[in-house]
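A quick write-up on the structure given underneath.
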Amino acid sequence: MSIQTPTSPERGDFIREIVAADVRAGRTETVVTRFPPEPNGYLHIGHAKSICLNFGIANEFGGRCHLRFDDTNPEKEEQEFIDAIEADVRWLGFDWGEHLHFASDYFEQLYAWAVDLVRAGLAYVDDLSADEIREHRGTLTEPGMNSPWRERPIEESLDLFARMRAGEFPNGTRVLRARIDMAAPNINLRDPVLYRIVHAAHPRTGDAWCVYPTYDFAHGQSDAIEGVTHSICTLEFEIHRPLYDWFIENLPVPSRPRQYEFARLYLTYTVLSKRVLLRLVNEGHVRGWDDPRMPTISGLRRRGFPAEGIRDFAAMIGVAKSDSVVEVGMLEHAARDVLNRTAARRFAVLDPLRVVIEDYPEGQVEEMEVANNPEDPSAGMRKVPFTREVWIEREDFMEEPPAKFFRLAPGREVRLRSAYFVTCREVVKDAAGEILELRCTHDPATRGGSAPDGRRPKATLHWISAGHAMPAEVRLYDYLFSRPDPGADGRDLFADLNPDSETVLQGALVEPALADVPAGETVQFERLGYFTPDPDSTSGHLVFNRTLTLRDTWARLQAQGRHDTA
RNA sequence: UGGCGCGUGGCCCAACGGUAAGGCACCUGACUCUGGAUCAGGGGAUUUCAGGUUCGAAUCCUGACGCGCCAGCCA
């Protein structure tokens with residue numbers, strides 16, 4: 001069950017208002033929704049919006065939400081996707097209880113209803129080819145033409161349909177069509193196809209069938225069978241609603257579901273098209289469906305995004321009917337908000353620079369007490385070893401610091417977090433001028449990180465004892481696409497791929513406590529951002545993925561070129 | 001030129017005839033042992049446009065314009 005951000009059922013989005021009104025008017029006793037993925041790919045953040053909507057409504061109204069796979073096209077669907085989808089929905093925090101369903105569970109009933117339609121003169125077997133059907137369909141502005149088989153005797157259609165099921169005909173030779181109106185302005189009503197012949201093994205029903213219902217014929221009836229009261233889908237199905245209703249009205253279904261449509265999610269710097277995601281995976285642009293750069297649920301999980309942050313994001317963006325593009329920044333905000341509250345703080349140095357504290361006793365090791373999470377005192381403290389030689393971040397030192405650079409510089413004193421104040425006395429370089437190490441001194445009176453005389457350095461740095469540091473690989477991630485609107489204006493989508501979306505750092509060093517971060521946990525590397533162990537990580541070779549950076553005023557100033565080198 | 005939808009600050013979204021709310025982003029200040037977080041404040045909207053109804057319109061009506069979706073035996 002989720003901890004959805006509370007929304008007043010009376011004053012939520014337009015769908016919640018409809019549900020609330022239906023409940024109030026007694027049109028439904030129990031609210032039943034469903035999340036209906038086709039198992040032909042992995043779930044992405046757009047699906048998360050739908051999942052949160054459907055399960056959220058069911059939870060809020062004390063109803064239930066089914067997980068139903070729309071598995072009516074065996075040529076594209078796979079068990080792998082079914083398994084991954086179940087795992088992703090569960091990870092997001094939702095529970096379908098006993099209600100795991102498949103459209104394929106209803107194939108027999110659906111077939112029987114198709115036969116009913118034929119008997120009623122409302123459907124017929126058409127011998128036209130796919131091309132001929134298209135030619136007969138007409139265009140957006142011209143009506144279609146009736147198929148020559150439209151008036152074929154009911155008995156003949158019945159016989160042919162039975163033989164289609166029996167496997168007597170090859171793919172594409174015949175279809176079952178509804179008999180509605182070839183001149184309907186809504187093209188979906190121009191005798192839509194109900195059944196097609198597909199000789200292919202189905203992940204669930206194997207080769208029990210060689211005729212499969214289309215989405216239009218399967219979806220609403222599946223809803224009706226399950227007692228779904230509110231069938232919520234995205235806008236592109238709006239035009240299908242008259243057909244959805246037509247089936248419900250012309251078939252002896254056990255309940256009367258209603259379809260409602262909302263705008264699907266679009267995100268800047270992101271592509272949410274299964275077709276494109278599939279290509280990114282198949283063409284090797286990413287490490288797989290769960291690549292940390294992918295907008296898939298599994299990718300976000302591997303990246304270290306908390307499920308709660310994704311739920312919060314869904315609540316934040318709302319539900320409406322106008323097409324819109326949400327800034328990824330909102331997703332990031334939602335994730336940071338959760339992570340700031342919950343992530344344990346740790347020290348890690350991505351690009352190490354050696355600091356020798358000349359006046360610190362050689363061989364001495366002090367266990368410094370460091371807060372695990374200043375936002376959450378209950379997270380407690382940990383001990384971090386401090387010695388004469390420590391690593392700091394190379395970018396935390398500048399030999400000739402510009403005006404607004406507050407960190408370490410020659411002669412300047414800074415705080416090593418929860419340890420000591422140190423002052424840079426000397427910069428040691430090699431023949432090429434590359435900085436090898438910094439020679440510093442410390443103030444013993446500042447042990448623990450604060451000075452008795454109350455002086456306060458402008459900067460606090462994270463650090464790692466040289467003798468205790470553990471090597472780690474760190475993978476830095478940026479947007480997969482370098483433009484907010486990938487592929488817009490006719491550009492090739494793949495030309496918009498960000499060449500720097502992944503940067504692998506091999507020389508990072510982390511504090512000992514980072515050796516055993518459990519999989520699935522995201523921690524904060526102080527001052528750097530949030531990181532999570534990658535599945536590739538082993539005790540012998542630590543690997544961390546950067547989930548997000550922290551908000552960084554200095555970086556922003558630099559990017560704006562607002563600092564001068566004075 | 002057919003049908004179905006949709007147009008509210010940079011972005012998302014509310015307002016249900018009574019005079020534009022909130023979030024994200026942005027800017028400023030305070031505070032700070034993370035240049036993080038937090039707190040306080042700020043800028044920014046003649047609600048696509050034009051008519052009409054009304055004492056009063058983002059809300060209702062008409063028209064225009066713009067955008068999205070539909071001509072799979074995909075979902």
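Just so it is clear, the structure is predicted and the values come from calculations on it, not from any experiment. Letters A, B, ... are given to chains in the order of the sequence lines, protein chains preceding strands, and every chain is numbered from 1.
- Between Tyr111(A) and Trp209(A), the angle of the ring planes lies from 30° to 60°, which puts this pair in the tilted group.
- No more than 12 heavy atoms of other residues, nucleotides or ligands lie within 6.0 Å of CH2 in Trp149(A), so this atom counts as exposed by the packing criterion.
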Secondary-structure string, 5' to 3', Watson-Crick or G-U under 3.5 Å, | for another-strand partners, for RNA chain B: .((((((..(((.....[...))).(((((.......))))).....(((((..]....))))))))))).....
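- Backbone-only contact: Arg137(A) has heavy atoms under 4.0 Å from sugar-phosphate atoms and none from a base.
- Not one side-chain nitrogen or oxygen of Ser322(A) sits closer than 4.0 Å to the OP1 or OP2 atom of rG68(B).
- Atom CG of Leu272(A) and atom C1' of rG68(B) are 16 Å apart (whole Å).
- Across rC24(B), rU34(B), rG3(B), the shortest atom-to-atom separation from the side chain of Arg345(A) is found for rU34(B).
- For rA75(B), the OP1/OP2 oxygens have no side-chain nitrogen or oxygen of Thr214(A) closer than 4.0 Å.
- Distance CG (Leu235(A)) to P (rG5(B)): 10 Å, rounded to an integer number of Å.
- Nucleotide rG72(B) carries a syn base; the chi torsion (O4'-C1'-N9-C4 or O4'-C1'-N1-C2) is within 90° of 0.
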Pair up each side-chain donor or acceptor in residues 262-271 of chain A with any protein partner under 3.5 Å, not counting sequence neighbours, and list the distances.
residue   : atom : partner   : partner atom : Å
Arg264(A) : NH1  : Glu236(A) : OE2          : 3.0
Thr268(A) : OG1  : Val328(A) : N            : 2.9
Thr270(A) : OG1  : Thr268(A) : O            : 2.8

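- Within the nucleic acid shown, Val198(A) has no heavy atom closer than 4.0 Å to any nucleic acid atom.
- Thr268(A) comes within contact range of no nucleotide atom at all, as no heavy-atom separation falls under 4.0 Å.
- Asp126(A) pairs in a salt bridge (charged side-chain N to carboxylate O under 4.0 Å, His left out) with only one of the listed residues (Arg137(A), Arg177(A), Arg152(A)), which is Arg177(A).
- Residues forming a salt bridge (charged side-chain N to carboxylate O under 4.0 Å, His left out) with Arg163(A) (at least two apart in sequence, or on another chain): Asp159(A), Glu168(A).
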